[in-house]
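All values below were derived from every heavy atom in this structure, side-chain atoms included, with hydrogens, water molecules and symmetry-related copies excluded.
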Amino acid sequence: MNPQQPPAFGPPVTNWLAPAPYAGQPRRHPWEIPMLVLVILVGVGGYLLGVVMVSLGYLDTWFILILVAPLLIYLIRGLTYAMPRVNGVKMSPTQFPEGHQMVVEAARRFGLEQVPDAYVVLGNGTINAYASGHGFRRFVVVYSDLFEIGGQARSPEALRFIIGHEVGHIAAGHVSYWRQLGSVVGMNIPVLGQALSRSMEYTADNHGYYHQPSGSPGAIGVLAAGKYMLTSVSFDEFADRATHEKGFFTWVTNLQASHPVLTWRAAALRDRTGAGRMFFRPKNIVRGIGSGHVQKLAPIGSPPQFGGLVAPGHPPYHPPQQAAPRTPPGPPVDLRKPETDRDGDQGV
C-alpha cells in the first residue's frame with residue numbers, strides 16, 4: 001500500500017454505543033438507601049431515648065407529644081390531599097389534557113398499576129410541583145405557572161420532565177406513609193436528613209430524565225430563571241459552574257439544602273455516566289454523555305474509536321477485495337496487514 005495514500009473508509013455506517021449507566025432505566029441514587037437506614041436508626045434511637053427520659057423525669061412531660069408523631073403525619077397527609085381536591089383543577093382529557101396525558105404516560109412508563117391523580121393549583125408566580133399520597137391514593141400537584149393561558153404547557157418538554165420527576169417520586173416509593181414519616185423525622189437531624197432528601201431528589205431526576213431527556217435544560221432553566229427567562233439560560237454554561245463555583249460557603253449551602261443546588265443538579269443531568277454529587281462538587285466538566293452516540297467507522301484495520309476507547313462488539317471494516325492487476329510473479333503481499341503503533345506493537 002502506498003504510504004502517501006489516505007486511509008480508506010467503508011460505507012457510512014451508524015454505530016450506537018450502549019447507553020450511559022444513568023441514561024437507561026431510572027436508577028435509585030446509591031446514597032439513598034444508606035442514608036435512609038442511618039436516618040431510621042438515629043430517629044428510632046432518639047425516639048426511644050426521649051420516651052425513657054420523659055418516664056424518668058429528666059424531660060418535661062410535654063415531650064411525650066413525640067409519641068403522637070405518627071398520628072400527626074397521618075393528619076397532615078390527609079389535609080395535603082384534601083387541599084387540591086377542593087381548591088385545584090383535576091387534570092383530565094378535557095381539563096389540561098396535555099398535562100393529563102403526560103401523567104398517564106409517565107405512570108405507564110414507570111410500571112405503576114394505577115395512574116395517580118393530578119391537579120393544577122394557583123401558582124401566583126411560584127414555580128413548583130410535588131407528589132404525595134394518603135392511604136392508597138397517590139397524587140401529583142402542578143402549579144399553574146407551568147402552563148400557558150388555555151391550558152397548554154409553557155414548555156412541553158420541561159413539563160414532561162417535571163411530571164416524570166414527580167411521578168418518579170411515587171414510583172420510587174418516596175410518598176408512602178412510612179417513608180414520609182422517616183423523612184419528616186430525618187429533616188430534624190442535621191446533615192443526615194438533608195442528605196437523604198437530596199438523594200431522593202436525584203432519584204426522581206433520574207426518572208424525569210428517563211421520561212423526557214431533552215426536558216432537562218428547560219426544567220433547570222425554569223427553576224433557575226423563571227417561566228419567562230428559561231430559554232435565555234445556557235444549560236452547558238450553567239452546568240459548567242458546578243465545577244467552577246467553589247469555596248467553603250458553596251459547600252455549606254449544598255450541605256444544608258433539601259434539594260441539590262441547581263448547578264450540581266444540572267451537571268448530574270448532563271453527565272449520565274454517574275450519580276449526582278452529594279457532598280462535593282464535580283471535579284471535571286463532562287459534556288455530551290447521554291443516551292448514545294453516532295459515529296462513523298475508523299480507517300481499515302482499526303475498530304471504531306470514541307474518546308480513546310474501542311467501541312465494544314464492533315469488528316473492523318474490510319472492503320471487498322478486488323482482483324489484483326496482472327504483475328510478474330512474486331511473493332504474495334498481505335494488503336490487510338495492520339499498521340503498527342509508535343511503540344512497534346500491533347494496533348488494536
Side-chain angles (χ1 to χ4, degrees), residues 23-26 80-134 137-172 174-175 201 203-233 235 238 259 262 265-266 269-270 272 290-291:
Q25 292 284 341
T80 303
Y81 185 34
M83 284 190 291
R85 291 169 63 196
V86 297
N87 293 316
V89 180
K90 188 174 183 179
M91 293 188 193
S92 69
T94 57
Q95 295 186 128
F96 297 96
E98 189 175 10
H100 175 262
Q101 184 62 29
M102 293 178 184
V103 175
V104 172
E105 291 174 357
R108 186 177 303 162
R109 193 171 182 81
F110 301 150
L112 298 182
E113 295 182 359
Q114 294 183 344
V115 177
D117 296 333
Y119 301 91
V120 176
V121 299
L122 182 62
N124 280 331
T126 302
I127 302 295
N128 195 19
Y130 64 88
S132 189
H134 180 60
R137 303 304 298 268
R138 301 291 181 262
F139 63 97
V140 171
V141 175
V142 179
Y143 281 35
S144 60
D145 290 79
L146 291 172
F147 292 92
E148 294 279 8
I149 296 175
Q152 300 298 315
R154 183 175 293 276
S155 174
E157 291 186 342
L159 183 60
R160 280 179 61 87
F161 176 92
I162 292 170
I163 287 178
H165 173 102
E166 300 305 336
V167 177
H169 276 304
I170 297 174
H174 296 166
V175 302
E201 293 301 325
T203 296
D205 273 353
N206 293 340
H207 285 76
Y209 183 93
Y210 181 66
H211 187 50
Q212 184 67 48
S214 60
S216 306
I220 293 297
V222 75
L223 291 174
K227 59 184 179 180
Y228 297 118
M229 300 297 179
L230 65 94
T231 56
S232 299
V233 178
F235 183 64
F238 192 86
H259 289 59
L262 284 178
R265 197 171 175 182
L269 287 171
R270 185 178 62 179
R272 306 308 294 165
S291 320

Colleague: Show me, pair by pair, the donor-acceptor contacts under 3.5 angstrom made by side chains of residues 108-115, not counting sequence neighbours?
Modeller:
| residue | atom | partner | partner atom | Å |
| --- | --- | --- | --- | --- |
| R109 | NE | Y210 | O | 3.3 |
| R109 | NH2 | Y210 | O | 3.4 |

Colleague: Can you sort out the partners of D117 under salt bridge (Lys or Arg N to Asp or Glu O under 4.0 Å), two or more places apart, ordered by chain and number?
Modeller: K90, R137
Colleague: Who are the ring pair (Phe, Tyr, Trp, His ring centres under 6.0 Å) partners of Y119, not counting sequence neighbours?
Modeller: none
Colleague: Quiz question: by atom type and distance under 3.5 Å, do the side chains of H207 and E166 form a donor-acceptor pair?
Modeller: no
Colleague: Looking only at heavy atoms, which two atoms of G164 and H211 are closest? And how far apart?
Modeller: CA-CD2, 3.8 Å
Colleague: Would you mind listing every salt bridge (Lys or Arg N to Asp or Glu O under 4.0 Å) that reaches into residues 204-213, with sequence neighbours excluded?
Modeller: D205-R265
Colleague: What's the shortest heavy-atom distance between T203 and A172, and which atoms?
Modeller: CG2-CB, 4.0 Å
Colleague: Among all residues two or more places apart in sequence or in another chain, which pass the side chain to side chain donor-acceptor pair (under 3.5 Å) test with S132?
Modeller: Q180
Colleague: Drop me the distance from L269's CG to N206's CG, to the nearest 0.5 angstrom.
Modeller: 8.0 Å
Colleague: Any heavy-atom pair between the side chains of Y143 and N124 that's under 4.5 Å?
Modeller: no
Colleague: Who passes ring pair (Phe, Tyr, Trp, His ring centres under 6.0 Å) against H174, sequence neighbours left out?
Modeller: H169
Colleague: Please set out all donor-acceptor pairs under 3.5 angstrom arising from side-chain atoms of residues 214-228, sequence neighbours excluded.
Modeller:
| residue | atom | partner | partner atom | Å |
| --- | --- | --- | --- | --- |
| S214 | OG | E157 | OE1 | 3.3 |
| S214 | OG | E157 | OE2 | 3.2 |
| S214 | OG | Q212 | NE2 | 2.6 |
| S216 | OG | P213 | O | 3.0 |
| K227 | NZ | D145 | OD2 | 2.5 |

Colleague: Is it the case that the ring center of F139 lies less than 6.0 angstrom away from the ring center of Y81?
Modeller: yes
Colleague: Return the set of residues passing side chain to side chain donor-acceptor pair (under 3.5 Å) with T126 (not counting sequence neighbours), or none when no residue passes.
Modeller: none
Colleague: How about N87 and L122: do any of their side-chain heavy atoms sit closer than 4.5 Å?
Modeller: no
Colleague: Among all residues two or more places apart in sequence or in another chain, which pass the salt bridge (Lys or Arg N to Asp or Glu O under 4.0 Å) test with E105?
Modeller: R160
Colleague: If you look at every heavy atom in P156 and M102, which pair is closest and at what distance?
Modeller: O-CE, 3.6 Å
Colleague: In chain order, what residues pass the ring pair (Phe, Tyr, Trp, His ring centres under 6.0 Å) check against H259, with sequence neighbours excluded?
Modeller: none
Colleague: If you look at every heavy atom in A131 and I170, which pair is closest and at what distance?
Modeller: CB-CG1, 4.0 Å
Colleague: Mind checking whether V120 and M91 have side chains closer than 4.5 Å, heavy atoms only?
Modeller: yes
Colleague: A side-chain contact here means heavy atoms from C-beta on lying under 4.5 Å apart; do V142 and F96 qualify?
Modeller: no
Colleague: What's the shortest heavy-atom distance between V103 and P116, and which atoms?
Modeller: CG1-O, 3.8 Å
